[in-house]
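This report refers to the structure that appears directly beneath it.
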There are 2 protein chains.
Amino acid sequence: MGRWEPDARGRMMRAAIELFTERGYEQTTAGDIAGAAGVTERTFFRHFRDKREILFDSSDTMGRNACEAILAAPDDLAPLDTALAGMVAGGALLTGRRDYSRQRAEIIAANPALRERELLKLARLTEGVAEALRARGVPEPTASLAAHTAVSVFHVAFGRWVGDADAPDDLADCIAEAAAVLRALT
Amino acid sequence: MGRWEPDARGRMMRAAIELFTERGYEQTTAGDIAGAAGVTERTFFRHFRDKREILFDSSDTMGRNACEAILAAPDDLAPLDTALAGMVAGGALLTGRRDYSRQRAEIIAANPALRERELLKLARLTEGVAEALRARGVPEPTASLAAHTAVSVFHVAFGRWVGDADAPDDLADCIAEAAAVLRALT
DNA sequence: CTAAGCGATGACAGGCACTGACATCGCGTG
DNA sequence: CACGCGATGTCAGTGCCTGTCATCGCTTAG
């Protein structure tokens, strides 16, 4: 746990989850997390723009993965199916981390400021998906509409995956089920 | 502008818009706003939970008005129409304040933290609308779906109202136009 | 083998957002 | 007129976040 050990970022993220679970988000200072990871508070803020951001690293990588998958999808796939495929691809990086996701979701649900940040991340994800669809030639407003819909489906599916013990083990299955419910609405 | 003049809250809100427009949101401290309104920083935080909140007073009252209107709507009105009527009723308190709304929108658009707060307000509005619909007997998931749709329509219409010089002067007309576009999508 | 270069970190100072505790002011009420 | 009550002022303190500069450890050219 020395100062110059590698993976300071990973150590901080793990320490944060642990401390937030133990004493709560507001009762944990950025300095506490840094200390638990063997670095200083200054290093914390070099890796994360703000205290909340340490919980949303996976959101960013998921967004990147989703966009890549959308751009790489077959040309003849319908816009909504493309966007949903992006959600599945983005969700793949959570495979085998259901417990972690549950813990993280519990922390976020308990704090309004964190829910606010989650909304921002979802909005950014939506915008990224819409942009990727447009890059494939999907016109507006279809692109935005499909993006909104796909992200909503992901949101619902993810919520069930972490909160409902009866939900499928595979997040992709949860997404498929939510998408089926959506189509049944039409 | 003495300390014990009435309407300290209103004075602070007006001073905030002015200062934010002049030097920007981040370059204006809560103490600056309070000082311009003739009160102390402590009084600022007694009236507003945090610095951002001073820009979202109208969001809260709009939510209340919208819910009241939804609960008071005729029984035979369809869920989506009811929700949209709520949006029109909520938007009514902005009548004659288009310039103010424009100024406020510009401030929010220039600052990520403020856009984040706006997303939270929209999410809360959506939840409130959904709850009001449920209170009228609209079942899930229709209530949530109609709420999401209506708030999205409002969001788009409001954006046009403040950003597009060609948009109708009456926000209600903007909402009606956006709703028409939505129905054309189906 | 050594020294220079470079990215990551530490150390320190400081500003601003926000809070708790207590004193004070102005106003309505008995 | 005394009293209570709500709004405000005052002060001290914590935590988030940033700028600046020194330092560390690894890499690479010589």
Side-chain angles (χ1 to χ4, degrees), chain A residues 1-20 22-57 60 107-108 110-118 120-121, chain B residues 1-20 22-57 60 107-108 110-118 120-121:
Chain A
M1 290 270 286
R3 296 178 169 168
W4 302 94
E5 297 289 319
D7 196 26
R9 187 186 183 86
R11 272 180 290 146
M12 284 191 282
M13 292 194 297
R14 283 185 291 275
I17 290 276
E18 192 169 335
L19 290 174
F20 290 162
E22 275 176 20
R23 3 172 171 155
Y25 175 79
E26 294 189 336
Q27 284 65 47
T28 306
T29 73
D32 291 339
I33 300 168
V39 295
T40 63
E41 186 186 351
R42 192 65 185 85
T43 294
F44 180 101
F45 287 109
R46 280 203 183 89
H47 281 272
F48 306 101
R49 216 173 327 112
D50 57 56
K51 185 185 166 191
R52 286 177 266 172
E53 203 67 12
I54 198 172
L55 280 173
F56 293 91
D57 192 79
D60 295 344
I107 296 166
I108 293 173
N111 190 287
L114 293 173
R115 276 189 288 173
E116 195 172 356
R117 176 57 51 87
E118 191 174 36
L120 182 65
K121 293 297 183 184
Chain B
M1 289 268 286
R3 298 176 167 167
W4 301 95
E5 297 290 320
D7 196 25
R9 186 185 184 87
R11 272 181 289 147
M12 284 193 280
M13 292 194 296
R14 283 185 290 275
I17 289 277
E18 191 169 334
L19 290 173
F20 290 163
E22 275 176 20
R23 5 171 170 155
Y25 175 79
E26 294 189 336
Q27 284 65 47
T28 307
T29 73
D32 292 339
I33 300 167
V39 294
T40 63
E41 186 186 351
R42 192 67 185 83
T43 293
F44 179 101
F45 288 109
R46 281 203 183 92
H47 281 272
F48 305 103
R49 220 174 326 110
D50 57 54
K51 186 184 166 190
R52 285 177 267 173
E53 204 67 13
I54 198 172
L55 280 172
F56 292 91
D57 192 80
D60 294 344
I107 296 166
I108 292 173
N111 190 286
L114 292 174
R115 276 187 290 172
E116 196 172 356
R117 177 56 53 87
E118 191 174 36
L120 181 66
K121 293 298 183 185

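Quick note: numbers below take in every heavy atom, side chains included, and nothing from hydrogens, waters or symmetry partners. Below, read A as the first sequence line, B as the second, and so on, with proteins coming before strands; counting in each chain starts at 1.
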Subject >> Side chain of A/Arg46 (C-beta onward), nearest among D/dG9, C/dG10, D/dT10 >> reply: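 Looking only at side-chain atoms, A/Arg46 lies closest to C/dG10.
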**OP:** Choose from D/dC17, D/dG15, C/dC18 the nucleotide whose nearest atom is closest to any side-chain atom of A/Glu41.
**Re:** D/dC17
[N] [atom2] sits how many Å from [X] [atom1], rounded?
X	N	atom1	atom2	answer
A/Asp32	D/dT14	CG	C1'	12 Å
B/Gln27	D/dC17	CD	C1'	15 Å
A/Arg23	D/dG15	CZ	P	11 Å
B/Ile54	C/dC16	CD1	P	17 Å
B/Glu26	D/dC16	CD	P	18 Å
B/Phe44	C/dC18	CZ	P	8 Å
A/Lys51	C/dC16	NZ	P	21 Å
B/Phe45	D/dC11	CZ	P	18 Å

Original post:
B/Thr43 side chain N/O closer than 4.0 Å to the phosphate oxygens (OP1, OP2) of D/dA7?
Top reply: no
Original post:
Quick one: is B/His47 getting a side-chain N or O under 4.0 Å of the D/dA7 phosphate, OP1 or OP2?
Top reply: no
**OP:** Kindly check if the number of other-residue, nucleotide or ligand heavy atoms within 6.0 Å of CZ (A/Arg49) is above 12?
**Re:** no
Is there a side-chain contact between [X] and [Y], using heavy atoms and a 4.5 Å cut-off?
X	Y	answer
B/His47	B/Phe44	no
A/Phe20	A/Asn111	no
A/Asp60	A/Lys121	yes

Original post:
For A/Arg49, which contact category applies under a 4.0 Å heavy-atom criterion: base, sugar-phosphate, or nothing?
Top reply: sugar-phosphate
Original post:
Can you tell me how far CZ of B/Arg117 sits from CD1 of B/Ile108, rounded to the nearest 0.5 angstrom?
Top reply: 10.5 Å
Original post:
Between A/Thr28 and A/Arg42, who's closer to the 5' end of DNA chain D by nearest nucleotide?
Top reply: A/Thr28
